[in-house]
Amino acid sequence: MSKDKNPRRVADNEAMAKTRMLRTSPQKLNLVAAMIRGKKVDKALTDLTFSKKRIAQDVKKCLQSAIANAENNHNLDVDELVVAEAWVGKNMTLKRGRPRARGRFGKIMKPFAEITIKVRQVEEQA
């Protein structure tokens, strides 16, 4: 009497990876996510490697994790993978502050974000 196996959250030709608690705002992270959406994974990895954005290295790590999940867990061909979706969400915000003039308090918000990358195997047309 064991529990049933959880159904897959993605299709048979897809795999995904999620990275939480990235120390950047979701708006800045979404600029990097938009840069790789719809591209082949080798082109997306190249773009992230040579990007000047600081958070691009963390997005690259998440994309490599999605590729590894596709290859090892779902037996998909790495050469045919495409970044199907990449979406960004808000996470927690650290509230900090510093004293300002006349006894006031200046709020400093330090936002965190999360990214989810879904890769899909697409057969090439001859």
Side-chain angles (χ1 to χ4, degrees):
M1 295 299 293
S2 63
K3 288 170 47 174
D4 291 337
K5 185 178 171 185
N6 282 336
R8 286 197 61 191
R9 293 188 184 118
V10 293
D12 289 336
N13 64 340
E14 292 179 342
M16 70 181 230
K18 185 173 205 169
T19 302
R20 294 187 169 108
M21 299 297 289
L22 292 172
R23 182 59 191 87
T24 185
S25 71
Q27 187 175 7
K28 291 177 185 176
L29 185 58
N30 196 35
L31 292 173
V32 179
M35 190 171 66
I36 63 170
R37 274 188 204 113
K39 292 185 178 178
K40 292 186 69 65
V41 291
D42 54 347
K43 175 76 170 118
L45 284 172
T46 305
D47 288 352
L48 290 172
T49 302
F50 296 107
S51 174
K52 291 187 176 184
K53 302 277 186 186
R54 175 189 62 84
I55 203 65
Q57 297 308 313
D58 292 325
V59 175
K60 179 182 173 186
K61 200 170 178 183
C62 183
L63 178 58
Q64 287 172 332
S65 177
I67 293 167
N69 288 342
E71 184 179 16
N72 298 319
N73 301 346
H74 308 304
N75 300 322
L76 301 178
D77 185 17
V78 176
D79 297 328
E80 296 179 352
L81 290 179
V82 172
V83 179
E85 300 174 34
W87 69 89
V88 173
K90 284 177 21 173
N91 210 308
M92 69 173 224
T93 302
L94 291 177
K95 279 93 172 175
R96 299 290 183 261
R98 64 179 296 157
R100 305 301 291 175
R102 298 170 61 184
R104 293 197 175 99
F105 184 75
K107 279 202 293 190
I108 298 174
M109 307 298 242
K110 296 177 181 256
F112 285 76
E114 57 187 50
I115 186 167
T116 307
I117 297 176
K118 190 183 288 188
V119 293
R120 181 178 298 140
Q121 182 176 344
V122 178
E123 288 77 24
E124 306 239 350
Q125 290 93 11

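- Looking only at side-chain heavy atoms (C-beta outward), Met21 and Glu114 stay at 4.5 Å or farther from each other.
- Arg8 places a side-chain N or O within 3.5 Å of a backbone atom of Glu14 that can act as its donor or acceptor partner.
- Atoms NZ and OG1, from Lys53 and Thr24 in turn, are 9.0 Å apart once rounded to the nearest 0.5 Å.
- Other residues, nucleotides and ligands contribute at most 12 non-hydrogen atoms within 6.0 Å of the CD atom of Gln27.
- Scanning all heavy atoms of the two residues, the minimum distance from Ala17 to Ala66 falls at CB-N, 3.5 Å.
- Atom CG of residue Asn75 and atom CD of residue Gln121 lie 10.0 Å apart, to the nearest 0.5 angstrom.
- Side-chain contact between Pro99 and Arg104 is absent, with no heavy atoms from C-beta onward closer than 4.5 Å.
- Applying the 6.0 Å contact sphere to CZ of Arg20 captures no more than 12 heavy atoms from other residues, nucleotides or ligands.
- Applying the side chain to side chain contact (heavy atoms under 4.5 Å, CB included) rule to Arg37 yields the partners Asn30, Ala33, Ala34, Ala86; only residues at least two apart in sequence or on another chain are considered.
- The environment of CZ in Arg100 is sparse: at most 12 heavy-atom neighbours from other residues, nucleotides or ligands sit within 6.0 Å.
- In this structure, the separation between CZ on Phe105 and CZ on Arg98 is 10.5 Å, given to the nearest 0.5 Å.
- Proximity of Glu123 to Glu80: side-chain heavy atoms (C-beta onward) are separated by under 4.5 Å at one or more points.
- Taken to the nearest 0.5 Å, the CE atom of Met16 stands 10.5 Å off from the OG atom of Ser65.
- Here the side chain of Thr46 pairs a donor or acceptor atom with the backbone of Asp42 at under 3.5 angstrom.
- If you take CG on Asn69 and NE2 on His74, they are separated by 6.0 Å, rounding to the nearest 0.5 Å.
- For Lys61, the salt bridge (Lys or Arg N to Asp or Glu O under 4.0 Å) criterion is met by no residue, not counting sequence neighbours.
- Applying the under-4.5 Å side-chain rule to Ile, Leu, Val, Met, Phe, Trp and Tyr, the cluster around Val119 extends to Leu22, Leu29, Val32, Met35, Ile36, Val41, Leu45, Leu48, Ile55, Val59, Leu63, Ile67, Leu76, Val78, Leu81, Val83, Val88, Ile115, Ile117.
- More than 12 heavy atoms of other residues, nucleotides or ligands sit less than 6.0 Å from atom NZ of Lys40.
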